[in-house]
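Throughout, a chain's letter reflects where its sequence line sits, starting with A, and its residues are numbered from 1.
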Amino acid sequence: MVAHLRACLWLLILTIVLCCGVYPLVLWGIGQAMLRHSAEGSLVRGPDGKTVVGARLIAQPFTSDEFFRPRPSAVTYNAAASGASNWGAANPLLRDRVARALGPIVKYRSGARKGQLVGEDVETWFKEQAPDYVATWASDHSASAEQWVKDNPDAVALWLGKEVDDVKNAPGDAAKVFFAGYAKRHPRTWPTVEEAKAEDGETVKRIKPADKGSDLQAYLFDPWLQEHKDADLEAVPADLVMASGSGLDPHITLKNALYQLDRVVSAWAEKTKSDPAAVRAAVERVLAEKTEAPLGGLVGVPLVNVLEVNLALTQRMPRLQAAR
Amino acid sequence: MWTLPLLVFVSTVVLAIPLGLYMSWIFDGRYRAPRWLHWVEEQIDVGPRNWKQYAVALLVFNVAAFLVGFAILALQPLLPLNPDNKGMLAPSMIFHTACSFLTNTNQQHYAGEVHLSYFSQLLFICWKMFITPSIGLAALVAIIRGLRGDSHMGNFYVDLWRGVVYLFLPLSVVVAVLLIAGGVPMTLEGNAAVATLEPGAMGMDGQGAAKPQEVARGPVAAIVAIKQLGTNGGGYFGANSAHPFENPSAWTNVLTCLCIILVPVAQLVMFGRMLGKLTQAVIIFGVMLVLSAATVVWGISYDSLQPNPALTVQASRDYAMVDPASPGGRRLLNVPDLVGLPVDQSLGNLEGKELRFGTSAGPTWAAFTTNTSNGSVNCMHDSLNPLAGLAPLVGMWLNCIWGGVGVGLINFLIYLVVGVFLAGLMVGRTPEYLGKKVEAREMKLAMLAFLIHPLMILGPTGLFTVTDWGVKTTNNPAAHGFSEILYEFSSASANNGSGFEGLADTVGFAADDKEEKVPQRAWDIACGIVLIISRFVPIIAPLAIAGSLAAKKRVPFTSGTLRTDTLTFGFVLLGTILLLGALTFLPAAVLGPIAEHLGPLPFGN
């Protein structure tokens with residue numbers, strides 16, 4: 001038995017020293033000596049060449065029109081806590097999230113309104129519904145209504161005159177009461193949330209009724225679509241609306257980038273007061289330069305790294321203005 | 001579509017053949033160690049042992065490793081290398097993590113970048129990732145020695161040492177350097193705070209200044225290399241190999257995917273070589289190949305070649321519901337039709353997938369990681385299409401296609417013993433394997449090892465499905481929620497470690513361990529127990545079988561001998577595995593993924 005324990009102890013100590021001391025130190029040394037940039041996380045410097053503006057491999061959020069947008073992130077691009085939605089196909093929240101992303105951006109594919117956004121039609125359709133349609137929506141889409149309350153607990157608590165924790169603990173119950181009450185008080189409007197200064201100077205989130213806007217278009221796109229089965233709509237690239245596994249996927253498909261191209265071009269044209277055609281050519285050149293494909297295209301479709309492309313745009317677009 | 005799995009597979013086989021020969025060379029002790037290594041081996045070599053002594057040594061070492069591991073986790077706030085000041089972990093989570101990493105499972109109820117310090121990652125995680133596959137390999141080697149009729153089973157400590165020092169350390173250094181070159185970080189610096197390119201994109205802080213993006217990093221490459229090679233699978237980050245820092249490109253994806261099955265395939269070569277019977281190994285390889293290919297093809301067909309059905313057009317359907325109040329005890333429930341959303345899903349289901357690996361990378365990896373007991377993921381299995389989710393489940397249920405390092409082939413040998421027994425009964429001969437009679441004692445042990453697995457999966461799944469522990473922690477409705485529970489216990493019992501990760505099983509830091517965390521604590525404890533039982537029973541019982549076979553006289557080979565190295569026997573084996581698997585798990589499969597596929601999509605709302 002003593003021999004056993006002695007051997008055991010030897011093994012414990014030796015394996016710990018080798019696997020946890022020598023092994024990582026050797027790798028750390030190799031990394032620092034030969035592959036420093038990637039060993040430190042492939043950090044990218046900005047237009048000034050000094051400030052670190054991101055990690056090449058990690059997606060960061062972009063919201064302005066002049067930037068290409070990354071894939072949706074279930075962790076709001078928190079690079080210190082990666083994660084996914086983990087929603088299966090059976091989960092109504094998945095379809096709901098995608099439909100909401102689609103509402104404000106989907107266009108008609110054919111017919112008299114080809115190329116126009118459906119959003120305005122959704123707003124018009126909403127005006128024709130029963131005054132308390134919002135209450136009907138909430139009871140037909142209970143999971144989505146509950147999610148809405150979960151996303152906006154402060155505003156709902158303020159509206160209901162309840163504690164925020166009560167709303168958070170029973171979002172389903174709060175949703176029923178809230179949407180029923182709201183539909184009565186503000187018929188034919190959709191509840192949005194705004195930030196406002198309260199009397200004591202603190203910022204509070206409160207409900208603001210809206211009869212148009214992207215929130216309304218987002219939430220009511222799917223109900224509208226179910227009553228307009230014949231509408232011929234342009235399909236959106238899936239990676240624009242489906243969240244990645246890590247929440248930090250740095251790429252989008254080239255197809256997705258081209259889908260966003262019009263928006264990006266007109267934003268830069270306006271910002272730099274340049275000729276849209278010249279801007280378009282410049283942006284397309286950036287995309288062409290930055291396009292890559294998995295294993296040289298052997299196993300996947302062409303992609304672009306969103307941060308790289310946007311960085312190139314911020315570097316080159318001002319030059320376009322200067323040249324003019 | 002099919003290039004990626006083929007590429008991974010062919011390169012694995014090419015590398016596995018020399019590696020397997022090398023492994024047999026090491027474990028038969030035919031190398032000559034340099035003097036200082038030789039001296040170390042003398043210190044730990046307590047001499048050759050029979051199977052009981054071998055098993056005791058294995059258990060003693062595991063107890064010691066458990067205690068050391070538990071202590072490292074429990075003392076996290078007091079230990080060094082903690083630049084981001086990670087606090088004390090909740091007690092149940094420490095227990096679960098200690099069990100999970102002791103058993104080569106790496107099931108994670110924590111998220112690496114959130115809960116662990118660099119010290120815990122390097123001392124606890126990295127250490128366990130090296131020793132636990134070596135423990136499995138040592139057990140396999142001992143069993144092979146028993147099967148070939150050696151007078152003893154060898155020495156556990158020496159075998160473990162050989163696995164760590166001559167196999168996993170050199171391999172890991174090579175893979176890790178390639179990974180760093182591919183973009184995987186290897187640093188001891190804390191999180192990088194980067195100013196976003198679009199100012200304020202991460203929001204504003206209290207003072208109205210733009211928040212930076214906190215980018216977690218660390219000694220990632222060291223851990224990812226051994227995580228993949230040792231069928232460990234525990235990610236450095238919560239998102240595992242889907243995280244861009246664990247798997248930065250399509251190249252690293254091929255490399256790490258190959259590493260998942262490399263040693264499990266190589267151990268077949270080692271098995272054939274050590275026995276001196278390569279055809280035996282070839283037949284086993286063939287059976288595993290068929291099963292493995294089937295899971296890959298199944299996964300790709302239902303996930304990469306099909307859109308996510310949550311967004312597609314759904315026809316109106318009638319469901320017959322059991323309802324005692326209605327005439328005939330049934331009523332019809334109509335689910336109206338649904339218009340598809342305008343989404344171009346030509347790349348298949350992209351929810352929970354990363355783009356840079358290529359189109360079929362998710363299901364390919366999902367199949368390999370559950371064929372073996374690796375359990376790392378490069379896409380989120382919870383978001384796989386309903387039927388595609390069956391591929392990883394089946395892999396874990398059978399738990400013998402390639403399998404974990406060491407233990408995978410051990411599990412397969414159990415099926416083999418059962419197959420020999422069935423075939424023997426069918427042709428009316430005394431079943432024998434490698435010239436040794438398989439009798440009542442061996443069959444009892446084989447059944448014990450076999451039955452533990454379904455018992456440990458289905459029992460707790462039933463319990464959690466009807467209690468708040470399960471009901472309150474699922475992230476998806478109905479059948480998919482059931483699948484989440486089923487998957488978690490399948491993963492625990494198969495010592496796999498992957499998950500339908502939506503399941504809310506995280507207690508977190510001790511400071512978060514409040515009263516409402518009872519279900520999460522239940523997950524920790526239940527999984528911890530399943531992990532331990534399902535690891536050690538299926539190691540010890542086969543050791544006993546091998547010990548008992550070794551002691552028997554070899555029966556002379558005659559024309560009446562039931563041969564185990566023929567194609568016919570291969571088919572018998574395949575049939576045995578499929579039959580046993582279907583008998584035990586088909587009902588659960590119907591309640592989970594198959595019901596989800598048939599049910600209304602989306603469910604509810």
When rounded to the nearest 0.5 angstrom, what is the spacing between [atom1] in [X] and [atom2] in [Y]?
X: Leu122(B); Y: Ile16(A); atom1: CG; atom2: CD1; result: 12.0 Å
X: Leu350(B); Y: Arg71(A); atom1: CG; atom2: CZ; result: 5.5 Å
X: Leu4(B); Y: Leu298(A); atom1: CG; atom2: CG; result: 9.0 Å
X: Ile131(B); Y: Leu11(A); atom1: CD1; atom2: CG; result: 9.0 Å
X: Arg356(B); Y: Leu303(A); atom1: CZ; atom2: CG; result: 10.0 Å
X: Leu338(B); Y: Leu225(A); atom1: CG; atom2: CG; result: 8.5 Å

Would you say [X]'s side chain and [Y]'s backbone share a donor-acceptor pair under 3.5 angstrom?
X: Asn476(B); Y: Ala89(A); result: no
X: Asn91(A); Y: Pro602(B); result: no
X: Asp344(B); Y: Ala235(A); result: no
X: Tyr77(A); Y: Met202(B); result: no
X: Gln213(B); Y: Asn78(A); result: no

Under 4.5 Å heavy-atom distance to chain B, tell me which part of [X] shows up: side chain, backbone, both or neither.
X: Pro237(A); result: backbone
X: Leu43(A); result: side chain
X: Ala231(A); result: neither
X: Thr314(A); result: side chain
X: Ser42(A); result: side chain
X: Asn305(A); result: neither
X: Val106(A); result: side chain
X: Leu102(A); result: side chain

Looking only at heavy atoms, what is the nearest atom pair of [X] and [Y], with distance?
X: Leu57(A); Y: Gly183(B); value: CD1-O, 3.5 Å
X: Pro477(B); Y: Ala90(A); value: CG-O, 3.6 Å
X: Ser82(A); Y: Gly238(B); value: OG-N, 3.6 Å
X: Ala195(B); Y: Thr51(A); value: CB-CG2, 4.5 Å
X: Val114(B); Y: Ala81(A); value: CG2-CB, 3.9 Å
X: Met242(A); Y: Asn349(B); value: CE-OD1, 4.0 Å

For residues 24-33 of chain A, which side-chain donor-acceptor pairs fall under 3.5 Å, sequence neighbours excluded?
| from | atom 1 | to | atom 2 | distance (Å) |
| --- | --- | --- | --- | --- |
| Gln32(A) | OE1 | Arg36(A) | NE | 2.7 |
| Gln32(A) | NE2 | Glu40(A) | OE2 | 2.7 |

Chain A contact via [X] - which portion, at a heavy-atom distance below 4.5 Å:
X: Glu189(B); answer: side chain
X: Thr196(B); answer: both
X: Pro219(B); answer: neither
X: Val343(B); answer: both
X: Thr312(B); answer: backbone
X: Phe357(B); answer: backbone
X: Glu596(B); answer: side chain

Review point. What's the verdict on side-chain hydrogen bond (donor to acceptor under 3.5 Å, both in side chains) for Trp87(A) and Ser383(B), showing C-alpha distance, side-chain angles and the deciding distance?
Key: CA-CA 5 Å; Trp87(A) 287 337; Ser383(B) 296; over 6 Å; no

Review point. Does Arg97(A) come within less than 4.0 Å of Glu351(B), counting only side-chain N to carboxylate O?
Key: yes

Check your understanding: Taking NZ, NE, NH1 and NH2 as the nitrogens, is one of them in Lys353(B) or Asp239(A) under 4.0 Å from a carboxylate oxygen of the other?
Key ->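 A salt bridge is absent here (no side-chain N lies under 4.0 Å from a carboxylate O).
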
Which residue out of [options] racks up the most heavy-atom pairs below 4.5 Å with chain A?
options: Val177(B), Asn191(B), Asn378(B), Val254(B); value: Val177(B)
options: Val220(B), Leu188(B), Val68(B); value: Leu188(B)
options: Asp84(B), Asn385(B), Leu197(B); value: Leu197(B)
options: Gly358(B), Pro342(B), Ser346(B); value: Pro342(B)
options: Leu160(B), Asn475(B), Leu169(B); value: Asn475(B)
options: His480(B), Arg217(B), Gln43(B), Glu354(B); value: Glu354(B)

Exercise for review: Run the numbers on Ser64(A) and Glu198(B) for side-chain hydrogen bond (donor to acceptor under 3.5 Å, both in side chains), then give the verdict.
Suggested key: CA-CA 8 Å; Ser64(A) 323; Glu198(B) 179 183 335; 2.8 Å; yes

Beyond-backbone contact of [X] with [Y], side-chain heavy atoms, under 4.5 angstrom:
X: Trp10(A); Y: Val40(B); value: no
X: Val194(B); Y: Val53(A); value: no
X: Leu18(A); Y: Val165(B); value: yes
X: Thr253(A); Y: Leu347(B); value: yes
X: Cys20(A); Y: Phe119(B); value: no
X: Arg6(A); Y: Ile44(B); value: no
X: Pro244(B); Y: Ser246(A); value: yes
X: Val60(B); Y: Leu5(A); value: yes

Review point. Does the ring center of His4(A) lie less than 6.0 Å from the ring center of Phe61(B)?
Key: no

Check your understanding: Mind checking what makes side-chain hydrogen bond (donor to acceptor under 3.5 Å, both in side chains) contact with Glu42(B), not counting sequence neighbours?
Key -> none

Review point. Checking side-chain contact (heavy atoms from CB on, under 4.5 Å) for the pair Ser360(B)/Val299(A): CA distance, chi angles, key distance, verdict?
Key: CA-CA 8 Å; Ser360(B) 58; Val299(A) 300; over 6 Å; no

Point to revise | Largest heavy-atom contact set with chain B, pairs under 4.5 Å, which of Ala243(A), Gly300(A), Gly247(A) | key: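 Of the candidates given, the most pairs with chain B belong to Ala243(A).
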
